Protein chains: 2
Amino acid sequence: MGLRERKKAQTHAALSWAAVRLTVERGFDKVKVEDIAEAAGVSPRTFNNYFSSKAEAIAFRHLDRCLRVADEVRERSGEPLWDAITGSVLRQFAPDAEAIAHPPVADAERWTEGVRVMVAEPALRGEMLRAGATAEAEIAAAVAERTGNDLEQDLYPHLVASAVMGAVNTAIAHHLRTDAAVPVSRLLTDALARITAGLSTP
Amino acid sequence: MGLRERKKAQTHAALSWAAVRLTVERGFDKVKVEDIAEAAGVSPRTFNNYFSSKAEAIAFRHLDRCLRVADEVRERSGEPLWDAITGSVLRQFAPDAEAIAHPPVADAERWTEGVRVMVAEPALRGEMLRAGATAEAEIAAAVAERTGNDLEQDLYPHLVASAVMGAVNTAIAHHLRTDAAVPVSRLLTDALARITAGLSTP
DNA sequence: TAAAAAATTGCGGGCCCCGCACATTTGCGG
DNA sequence: CCGCAAATGTGCGGGGCCCGCAATTTTTTA
């Protein structure tokens, strides 16, 4: 990867990180595109060269994580499908590598509360879900690749992808709803296990 | 219901129908809020008293259908859970009661093609998914009511709701992707059956 | 090092959405 | 049947988002 692409990726990350941080701190509609651009050190106009909306910039990190699940499922063709899926999901969502990779936030309490407010924002929920749907398509393709299904004609890979993203969303929502009484990893494994086993019996 | 509420419901329906029709005919970004308001016979300002965005107006009919599924699941407490779910879903989505209830479109070919373009619109996909998520919460509540689960603490009702909406979305997407070779009702029953049975085996 | 390709920026404009105040309509009790 | 309170519709104005376009700066390539 040349210097050019690396800089682009950096700007992408800087913008999306700034968008998330400011939104968590102040709330969605108290952050102007201008603020985000300034925090990332680019002009306001440049912001929209990278993201087509403020919401998209915020959802970008979520999209990225979900897409990595698809990639990992593709790579792990050695183990059984559902082991690969569960493993990939846990890797991306369990220890919340996010929090570690970035400048750790001073007040963790305030931060998670801000996140709660953020994900409740209607405008963002739509964009988050859209990110999930985009990733879902990739996961479906990865599954079809592994199982030999036809991505166009067969329902199975799409059902799997949809169920996986549904389980992930449900687990995360539960985690945010209850106060982290149960570790996310357990919620994720539980949810995925129940999906594979079938939901007919409570 | 008084005359007041009935008029409100009428305006709601008129606006959302106009929004859908114009969007299908011309494409999302060639329809201005002004156009929709005019087609519904109200002022542009009034539009935003009913819907907080153009996309929301278009997704409203989808939301309505999904919410009716939740209602019906609540009502049908006589039969087993999954029978109630499948039945409710089929009732709402199978014969596409939509097309019958409204002034039938002249050129059905052109219409479905327009719908295909419409649902591909990024701005709308987010809003559609958001509608699905809203309905999902209601369905989860309905399921919890029936099974005696705790809506806050238990994962099961949320998993069921998520899987159901996922199945519906997947089936509809499949229907739009392939050219109606298989009836929607069959796709829906198939998808739901596979969900309940478990997805572990292709 | 010069030319080509690509990214950033400023400007201008269209549109969306909302708050506010005012007009209009509706429901209700006398 | 009537007038009044409450709810709804409307016009105006503004803030903000997003994009097309063209000029400018930066990076790559020859």
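Here the structure is a predicted model, which means the values were calculated and not measured. Residue numbers start from 1 in every chain, and the chains themselves are labelled A, B, ... in the order their sequence lines are given, proteins ahead of strands.
Note on B:N49: every side-chain N or O is 4.0 Å or more away from OP1 and OP2 of D:dG9. Distances shown here put a side-chain N or O of B:Y50 below 4.0 Å from the OP1 or OP2 atom of D:dG9. Applying the 4.0 Å criterion to OP1 and OP2 of D:dT10, one finds that B:T46 has a side-chain N or O inside that range. Between D:dT27 and A:K7, a contact under 4.0 Å exists linking OP1 or OP2 to a side-chain N or O. Between A:K32 and D:dC17 there is no side-chain N or O to OP1 or OP2 distance below 4.0 Å.
The nearest whole Å value for the distance from the CZ atom in A:F28 to the P atom in D:dG16 is 13 Å. Between A:E34 atom CD and D:dC17 atom P the separation is 9 Å, expressed in whole Å. For the pair A:E127 CD and D:dC18 P, the interatomic distance rounds to 10 Å; values are reported in whole Å. At whole-Å resolution of the value, CG in B:D35 and C1' in C:dC15 are 12 Å apart. When the C1' atom of D:dT27 is taken as reference, atom CD of A:Q10 falls 15 Å away, rounded to whole Å. Rounded to whole Å, the distance from CZ on B:F47 to P on D:dT8 is 18 Å. Rounded to a whole Å, the NZ atom of A:K54 is 14 Å from the P atom of D:dC19. In this structure, A:E38 atom CD and C:dT9 atom P are separated by 13 Å, rounded to whole Å.
Comparing C:dG10, C:dA7, D:dT8 by their nearest atom to the side chain of A:S43 picks out C:dG10. When the nucleotides C:dT9, D:dC19, D:dC17 are ranked by their closest atom to the side chain of A:N48, D:dC19 comes out on top. Comparing atom distances between the B:T11 side chain and each of C:dA7, D:dG9, C:dT9 picks out D:dG9 as nearest. Proximity note for B:S52 (side chain, C-beta onward) versus D:dC17, C:dC16, C:dC18: the nearest is C:dC18.
Between the side chain of B:R45 and the base of D:dG13, no donor-acceptor pair of N or O atoms lies under 3.5 Å.
Nearer the 5' end of DNA chain C, as judged by each residue's closest nucleotide, is the contact made by A:K8, out of A:K8 and B:F51.
Side chain to side chain, B:S77 and B:R146 fail the donor-acceptor criterion of an N or O pair below 3.5 Å. For the residue pair A:R177/A:H174, the side-chain donor-acceptor check at 3.5 Å is satisfied. Between the side chains of A:Q92 and A:R68, at least one donor N or O sits under 3.5 Å from an acceptor N or O.
Among B:L124, B:N48, B:I36, B:T23, the single residue meeting the side-chain contact (heavy atoms from CB on, under 4.5 Å) criterion with B:K54 is B:I36.
Relative ring orientation between B:F60 and B:H12 is described as tilted, the plane-to-plane angle lying within the 30° to 60° band.
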